[in-house]
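First the structure, in the form of structure tokens, and then the observations on it.
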Protein chains: 2
Amino acid sequence: MDVQKKNVLGDMLFGGAELFLPSVSVDCVIFGFHAGELKVLLLKGKHDPKWALPGGFIYQDENVEEAASRVLQERTQLTGIFLRQFHLFGDVKRTEQKHARRWLEEAGVEDPDSHWIMQRFVTIGYYALVEFEKVNPVPDEYSSECDWHNVLELRNLILDHKQIIEKGLESLRLHLNFQPIGLNLLPKEFPLKDLQLIYETILGKKLDRSNFQRKILSYGILDRKEKQFSGGSHRAPYLYSFNKKKYFKALQEGLNKEW
Amino acid sequence: MDVQKKNVLGDMLFGGAELFLPSVSVDCVIFGFHAGELKVLLLKGKHDPKWALPGGFIYQDENVEEAASRVLQERTQLTGIFLRQFHLFGDVKRTEQKHARRWLEEAGVEDPDSHWIMQRFVTIGYYALVEFEKVNPVPDEYSSECDWHNVLELRNLILDHKQIIEKGLESLRLHLNFQPIGLNLLPKEFPLKDLQLIYETILGKKLDRSNFQRKILSYGILDRKEKQFSGGSHRAPYLYSFNKKKYFKALQEGLNKEW
DNA sequence: TTATATTGTGTCATATTGACAAAATAACAA
DNA sequence: TTGTTATTTTGTCAATATGACACAATATAA
């Protein structure tokens, strides 16, 4: 699947019914960290004052996973990012398409009410964790803005996108118990404090520094480097990096096996 | 949604495109326990020698969750069963519809190749845990047999249904760490040994009797009753029942919070 | 040189887990 | 009636994990 060759907007407006899998969309909850806050990347529609998750439709010749990956890539320019399916949202009432109708009208589509995009859709939620600084948020063709929003202060979202984000965060919190995170979230080398801050931000609570280090090191997915120039007026911390081999093994097999 | 009034077969053959949500199906992995084995309920097609999961399509006016529930109910006659979404299977190649084509032909559908059911489908996997003895497996209109199969000896399944079952089992094993199970799986009163056997069967390994009881009781979801007539020539075990209030609270909030 | 902030490391009481053993008891056989 | 057998209830104990906290080390700035 060659992502670059796709002209998603044109396909959606005029070729949709044949090119895309009907009834199904993907939405990506892209998490990033900044200033001690957990952020999520949102788009503001040109013809709608509300914010929406980066999402899209699935080409007939495209795996759902690939579609999610394409959406993530289009919006962040990042590749190789860990993306995880967490839930399908399938209620009848979740899609009321007022804004889509207006949007089709203005785009010059005849008889917008019978356009395929006005039909009921179910959507598959994926979440990703990305390095905030590496992302240059770019709106797509039908959006006016693309920006980070604090995950705890979500207002004016379309449809059920607030619930999708909340479910995504809930899933992420659960997955933290048996899945390593951080690989595409931090620079190659980082102090443990930074990783701890990520955990604290996701969980929404403070963790004991000493106990956190003991636990995270016990997973055996980190390699300790030499000290850094801390920059701060205090003892310089060690730098760590993820041992990718062990990291992916842990992703595969899980961190804890309680039973 | 009135389940009884649906004529699924007729709808599928002749009304499909309008009545159902296109491209999406649900499949239920229905687990039961018998003779120390974990079983899954499968259907054998009338026009296909292969076995399939109980599954179906989603009516336009029906939530996905309701569709899964309807499928479960139709096949087992059971209501109020815990059903849990675990994964969406969305690869392009997952649906090759040779058997569907033959099936449409024999059902008298003209031009089967362009029938909506021949198109690509993604499917949402749900799993359920049911009391084996309470289920009277009934084939649907387009199946010749409905029977339990050992989850470790799956042969001749259509499409990716073997992978779906395996993923469902894997999910169930994971969920065991933070989710109570057993409520619709055991009689109202039961000895702890029976619950332990269920855990052992799901996990595929033996557990220490004493430690299992300590752990399961620590969840605080069981009420101890008076002793039973054991029937065996040995000390009679206590009977337990699930405290529904606490059980559902645990379902909601989770059993363990590691972080 | 000293103050300050933050890290590396260690301690310790408590809780949890895994492995196992002793006592209790229902049914059966002699 | 009594002993045997199987399985349960209950308990023990060492090993490990966790939570709370203490103290020494050290990079920068005053």
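All values below were derived from every heavy atom in this structure, side-chain atoms included, with hydrogens, water molecules and symmetry-related copies excluded. Residue numbering restarts at 1 for every chain, and letters A, B, ... go by the order of the sequence lines. Treat the numbers as computed from the prediction; the structure is a model and nothing was measured.
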Residue pairs, two or more places apart or on separate chains, that pass salt bridge (charged side-chain N to carboxylate O under 4.0 Å, His left out) and touch [range]:
range: residues 243-256 of chain B; value: none
range: residues 215-241 of chain B; value: A:E258-B:K215
range: residues 198-214 of chain A; value: A:E200-A:K206

Quick one: bend of the helix from C:dT1-D:dA30 to C:dA30-D:dT1 from 5 pairs per end, to 10°?
10°
Gap between atoms [atom1] and [atom2], on [X] and [N] respectively (whole Å):
X: A:Q196; N: C:dT7; atom1: CD; atom2: C1'; result: 11 Å
X: B:L192; N: D:dT10; atom1: CG; atom2: C1'; result: 13 Å
X: B:Y238; N: D:dT7; atom1: OH; atom2: C1'; result: 14 Å
X: A:F212; N: C:dT6; atom1: CZ; atom2: C1'; result: 16 Å
X: B:K206; N: C:dC20; atom1: NZ; atom2: P; result: 16 Å
X: B:E226; N: D:dT8; atom1: CD; atom2: C1'; result: 15 Å
X: A:L217; N: C:dG8; atom1: CG; atom2: C1'; result: 11 Å

Which class fits the ring pair A:Y219 and B:W259: parallel under 30°, tilted 30 to 60°, perpendicular over 60°?
perpendicular
Relative to each other, are the rings of A:F242 and A:Y247 parallel, tilted or perpendicular (30° and 60° limits)?
perpendicular
When you check the phosphate oxygens OP1 and OP2 of D:dT10, does a side-chain N or O of B:Q213 lie under 4.0 Å from one of them?
no
Would you give a per-nucleotide map of nucleotides 18-30 of chain D, 5' to 3', where B means the base has a protein non-hydrogen atom under 4.0 Å away, S means only the sugar-phosphate does, and - means neither?
BBBB---BBBB--
Are any of the side-chain nitrogens in B:R70 or B:E66 under 4.0 Å away from the carboxylate oxygens of its partner?
no
Are any non-hydrogen side-chain atoms of B:L172 and B:F31 less than 4.5 angstrom apart?
yes
Can you find a pair of side-chain heavy atoms, one from B:P54 and one from B:D27, that are under 4.5 Å apart?
no
Please list all pairs passing the ring-ring contact (aromatic ring centres under 6.0 Å, His included) test where one or both residues lie in residues 62-83 of chain A, with sequence neighbours left out.
none
